Enquirer: 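Right, I'll just put the structure down here and ask away after.
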Amino acid sequence: MRIALFGGTFDPIHRGHLRLAAAAADTFALDRVLFAPVGHQPLKPIWPSASFVDRVAMVRLALAAARSEWSIVSSNSIVASTDESPDPRLAVSLLDQPRPGGSPNYTVDTLTALAQEYADADLFALVGADSFLDLRSWRSPDRLLALAEWIVVSRPDYPLTEARLASLVLSPNERARVHLLTSVHEDVSATGLRRRLASGDRCPGLLPGEVANYIQAHGLYAGLKP
């Protein structure tokens with residue numbers, strides 16, 4: 001079995017997250033992509049705007065709508081789908097739920113737990129290029145590279161070149177475990193979405209309808225400055 005951990009705040013989850021996960025699953029023959037909302041990211045001093053419970057709820061709604069609302073027909077287009085079945089490869093995980101006392105969630109601990117739960121699986125971690133290039137500032141980076149292969153999203157505006165990778169000082173074996181995903185080019189910013197949501201915009205086409213409904217029903221992001 002081939003399983004990828006897709007961690008993040010998902011504040012809120014949006015179309016780009018769904019397309020990225022599906023493209024990774026298609027490109028690397030993944031059996032499961034686990035969306036793992038994080039409790040407290042150690043490298044981000046600002047806490048998520050929405051609570052962990054709300055972010056998990058939005059992820060669940062988005063994954064249920066991944067096929068019923070949208071069909072990904074190419075790397076650059078989405079059309080309405082008549083398939084009412086959610087993508088079985090996409091699932092939510094609570095492995096990165098808040099720690100006691102609000103202590104940081106470290107990816108090395110999450111991947112270690114995932115390796116214990118799926119002892120016979122091939123593990124991957126799905127991450128953006130900008131985050132991956134900071135890997136040496138993460139806890140136990142060498143252990144991270146050993147625990148999982150890495151699927152790194154290389155965007156046209158932030159290409160992951162060999163020159164940039166050189167800053168990580170990867171061994172040949174480590175470099176062989178880093179794979180680039182270049183087929184998805186999404187210009188969707190969660191920060192921008194939160195600003196639009198704060199102004200009352202439901203962000204059609206960027207958020208699944210059920211997620212937009214949840215945000216409105218629970219008054220999420222309403223207190224933010226547009």
Side-chain angles (χ1 to χ4, degrees), residues 2-11 13-30 32-48 75-76 93 95-96 99 103-116 118 121-194:
R2 294 164 67 85
I3 300 174
L5 175 72
F6 187 13
T9 54
F10 301 112
D11 189 27
I13 187 171
H14 54 69
R15 182 186 74 181
H17 295 131
L18 298 172
R19 293 188 64 195
L20 178 58
D26 290 340
T27 304
F28 298 99
L30 302 175
R32 190 70 54 84
V33 178
L34 299 177
F35 286 70
V38 64
H40 177 198
Q41 285 191 334
L43 297 180
K44 289 188 176 182
I46 300 176
W47 286 71
S75 62
N76 293 307
S93 169
L95 277 174
D96 244 355
R99 302 291 188 251
S103 59
N105 297 73
Y106 292 105
T107 302
V108 67
D109 296 332
T110 307
L111 282 174
T112 298
L114 193 62
Q116 292 171 349
Y118 297 96
D122 295 322
L123 298 186
F124 296 78
L126 179 58
V127 68
D130 47 353
S131 295
F132 184 71
L133 289 176
D134 285 334
L135 191 70
R136 289 298 176 189
S137 66
W138 297 21
R139 172 168 286 190
S140 306
D142 292 324
R143 176 64 176 158
L144 286 169
L145 291 164
L147 279 167
E149 298 186 52
W150 289 76
I151 300 171
V152 186
V153 184
S154 182
R155 308 187 310 266
D157 61 331
Y158 202 95
L160 190 62
T161 62
E162 290 299 329
R164 281 178 166 162
L165 280 173
S167 66
L168 294 175
V169 195
L170 302 176
S171 69
N173 182 61
E174 289 172 338
R175 177 62 185 89
R177 291 168 62 79
V178 177
H179 314 285
L180 304 188
L181 180 63
T182 60
S183 60
V184 180
H185 307 146
E186 278 288 338
D187 186 21
V188 184
S189 161
T191 300
L193 285 177
R194 289 193 295 272

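All of these numbers come straight from a predicted model, not from anything done at the bench. We count residues from 1, following the sequence as given.
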Enquirer: Nearest 0.5 Å please: distance from the CZ atom of Arg175 over to the CG atom of Asn173.
Expert: 12.0 Å
Enquirer: Evaluate the side-chain proximity of Trp138 to Ser131: yes if any heavy-atom separation is below 4.5 Å, no if none is.
Expert: yes
Enquirer: Once you round to the nearest 0.5 Å, how far does OG of Ser140 lie from CG of Leu147?
Expert: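 Interatomic distance, Ser140 OG to Leu147 CG, rounded to 0.5 Å: 9.0 Å.
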Enquirer: With heavy-atom distances below 4.5 Å as the criterion, would you say the side chains of Leu165 and Phe132 are in contact?
Expert: yes
Enquirer: Is the closest side-chain heavy-atom distance between Ile151 and Leu30 below 4.5 Å?
Expert: yes
Enquirer: Please state whether the rings of Phe124 and Phe28 are parallel, tilted or perpendicular, taking 30° and 60° as the class boundaries.
Expert: tilted
Enquirer: For Asp11, is there any backbone N or O sitting under 3.5 Å from a side-chain donor or acceptor partner on Arg194?
Expert: yes
Enquirer: Which atoms form the tightest heavy-atom contact between Ala121 and Ile3, and what is the distance?
Expert: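 What the structure gives for the nearest pair is CB-CD1, 3.9 Å.
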Enquirer: Keeping Asp96 on the side-chain end and Pro37 on the backbone end, is there a donor-acceptor pair under 3.5 Å?
Expert: no
Enquirer: Ser183 and side-chain contact (heavy atoms from CB on, under 4.5 Å): which single residue from Asp26, Leu20, Thr27 fits?
Expert: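 Testing Ser183 for a side-chain contact (heavy atoms from CB on, under 4.5 Å) against Asp26, Leu20, Thr27 leaves exactly one candidate, Thr27.
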Enquirer: Using every non-hydrogen atom in the two residues, find where Val184 and Ala23 come nearest and quote the distance to one decimal.
Expert: CG2-CB, 3.1 Å
Enquirer: Using side-chain heavy atoms (C-beta onward) and a distance below 4.5 Å, is Leu133 in contact with Leu160?
Expert: yes
Enquirer: Might you point out which heavy atoms bring Trp150 and Leu144 nearest each other, and give the distance in Å?
Expert: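 Shortest heavy-atom separation between Trp150 and Leu144 comes out as NE1-O, 3.2 Å.
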Enquirer: Which atom names give the shortest non-hydrogen contact between Arg177 and Leu145, and what distance separates them?
Expert: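 Closest heavy-atom pair between Arg177 and Leu145: NE-O, 3.0 Å.
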Enquirer: Atom CD in Glu149, atom CG in Asp122: separation rounded to 0.5 Å?
Expert: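 The distance works out to 7.0 Å.
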Enquirer: How long is the gap from OH on Tyr106 to OG1 on Thr112, to the nearest 0.5 Å?
Expert: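 Answer rounded to 0.5 Å: 14.0 Å.
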Enquirer: Got Phe35 and Leu18 here, is their nearest side-chain heavy-atom distance under 4.5 Å?
Expert: yes
Enquirer: Are His17 and Phe10 an aromatic pair by the rule of ring centers under 6.0 Å?
Expert: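 When the ring centroids of His17 and Phe10 are compared, they turn out to be within the sub-6.0 Å range.
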Enquirer: To check you understand the geometry: which heavy-atom pair defines the closest contact between Pro48 and Gly39, and what is its length?
Expert: CD-O, 4.4 Å
Enquirer: Leu95 and side-chain contact (heavy atoms from CB on, under 4.5 Å): which single residue from Val38, Leu111, Asp109, Thr110 fits?
Expert: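 Exactly one candidate clears the test, Thr110.
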Enquirer: Between Arg136 and Val169, which heavy-atom pair has the shortest distance, and what is it?
Expert: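 Minimum heavy-atom contact is NH2-O, 3.2 Å.
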Enquirer: Val178 versus Leu168: any side-chain heavy-atom pair under 4.5 Å?
Expert: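 Result no, sub-4.5 Å side-chain heavy-atom pair not found.
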Enquirer: Given side chains that start at C-beta, do those of Thr9 and Gln41 come closer than 4.5 Å, heavy atoms only?
Expert: yes
